[in-house]
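Take a look at the structure set out below.
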Amino acid sequence: MWNEESDWIGSFDSQLARLAECRMCSRDRGERPDATGMDLEVLEVAEEGSYGRVFRCLDIHTGALVTMKQITMVRLSQGVPAPIIREVSLLKELHHANIVKLLRVGLTENRYVNLVFEHLDYDLHHFIVNRGYPKDALTVKSFMYQILSAVAYCHSLKVLHRDLKPSNVLIDHSKRLIKLADFRLAGEFADDLLYTEKLGTSWYRAPEILCDSRQYSTQIDLWSVGCIFAEMVIGQPLVQAINCRDELEGIFKLLGTPTEETWPGITKLMPNLHIYYPKFDALGLETFVTDLEPSGLNLLSMMLCLDPSRRISAEAALKHAYFIDVNYVSLLLL
Amino acid sequence: MAPSFDFASSLLCTEDSAVFDESHNNGGTMMSMMGVYEDTWSPRKRHFDEEPDELPLLSDESLAMMVEKECQHWPGLRCLNKLQTGDLDFGARMEAVDWILKVRSHFGYCSRSSLVIQNYLDRFLCAYELPKGRVWTMQLLAVACLSLAAKLDETEVPLSLDLQVGESKFLFEAKTIQRMELLVLSTLKWRMQAITPFTFLDYFLCKINDDQSPLRSSIMRSIQLISSTARGIDFLEFKPSEIAAAVAMYVMGETQTVDTGKATSFLIQHVEKERLLKCVKMIQELSCNSGSAKDSSASVTCLPQSPIGVLDALCFSYKSDDTNAGSSVNSSHNSPVAKRRKLNKTCGADLL
């Protein structure tokens, strides 16, 4: 490996490099990826994503199940795609029990980046849809505490996730352990937001993002966590439960169309607000999120607060009364 | 005029055929992939007037974590040793650093980007031996490091050709840059979250200002000084936290707003006292040199070569008063012209 790289540099402007390149281009590519160089045995294709493919694999040395995400570098003119670099470099620095572990990174033919992750049974979206949402109040509370722990950790390092949703929350079934995943959009200090997958993610997008604000911060993640919280309780996306033409209308129907009083700065951010959206009175969270204890509903209302500056932080949320009456250690041992 | 390292056109055709074959085989998947990445890379106009909301300060625990972690990212002493013994080409590195600073100001990236890019450059040079006598490899390395930093830190990533502004002696093909990017990523083990003095600066400024937000002028001054430490190798012996602490102490002392003794007693909880004082002294000398250079740069003919020119450029990304606002506008206005000129030159090169 090392020598190959040295050779490449040394022979950059030689005929040999051209021949090597030519052989690479013409090589056959079968359906099943050659993971030999990664010391993995491919068991099955777990997912076909828009960025590449996900495989369930067996680590040849340890016998452990792992997940390999194979990302194709499609557009050569831009070099290595930014989302890959962000995700890998961030995961290399984030060490937390509730954040998925990136075990190693490998390259195949300079066309694929292979990310090898620890394997978890399924994601929260799958859990809610296929196994019935966690009716057990303790499970909801445990999951929420773990999600908030991971988010608070990220925010303390000035890292925003920016794409929190049930499918990015992985679950280790036997341990009832939660791990956040998919940091392709994560980063720090950015003053803009780019979604690579728009379908579905807008259900968890904070109102200040939906209003096209360029100024946003950690609060956007807390809104997303609030949406996840509600979804675990009612078994479907909160915005989907409301009859509305778009997500912002759904939010306004639920919480009331914002005014300068309820959301200072909204008239500057969205001057045509009352042209596009009627003045809704709040239906209230309690209308849709039934079966949640009062302290849970209180915490949820602080997460799903229209005004970002008044939205609760992850660190403060962990200290909320909703979590006080439970022994956290026993939760993690469920 | 610049020589271009192109592969044979027939080889490029082969590459295109391969891509076409994949498109044919995968159908929607390929189209979907193309679409997705297309969207990711679509250029967005920057809003210079808008600033991101304040992110939380590092907590005390996070700071301790960062101080512990910075040693893993800090190439300083190893790099300095290699430069002094001649293992590393001092001149080539300096040339690469100067080029990075020019490009940084051209694209209006924040000052942090320069230090991130240099972090990549120096860490790579300590871990990987570029072949001797091939001057183009240092330039290619600088381009790759700049590209990687842009992708990590900025939402706008310039096209590969646009990255190579300024007086580059070589012009690299996009594919070549990608291969160097992959080499840098592998060599640095994909650990691209560089820790720079800017990681610590706001924390230190805030703490020695009695937990009050420091004046914007103090922040601007600190940014200037930290960016100045990037040129030359004198500050390579100091860790990012040491540089940040020294700059914070010097700047706040300069404004007479804090007790120096009190500031020292706080800062030495995080950095060694002897090294802090040594670094402060060097910051002071750096500041004096900048001042004298400023006097001598009154002449218009000297301006392009002046360190102050670089310092002024470093301020473009920030607005603190009317003067700087004007500078920012000018910078934004000039940038498209410069880019167009470069593109024309590139087109001319293609025709040859």
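By convention in this document, chain letters (A, B, ...) are assigned in the order of the sequence lines, proteins followed by strands, and residues within each chain are numbered from 1.
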A:Leu107 side, atom CG; B:Arg179 side, atom CZ - distance, nearest 0.5 Å: 11.0 Å
Nearest heavy atoms of B:Gln193 and A:Ser89, plus distance in Å: NE2-OG, 3.0 Å
Interatomic spacing from CZ in B:Arg191 to CD in A:Glu93 - rounded to 0.5 Å: 4.0 Å
Residue from A:Ile84, A:Leu90, A:Leu115 passing side-chain contact (heavy atoms from CB on, under 4.5 Å) with B:Trp190: A:Ile84
Within 6.0 Å of CD in A:Glu315, more than 12 heavy atoms from elsewhere: no
Rounded distance [0.5 Å steps], CD in B:Glu181 versus CD1 in A:Ile85: 5.5 Å
Distance in Å, A:Lys92 NZ paired with B:Lys189 NZ, rounded so as to fall on 0.5 Å steps: 8.0 Å
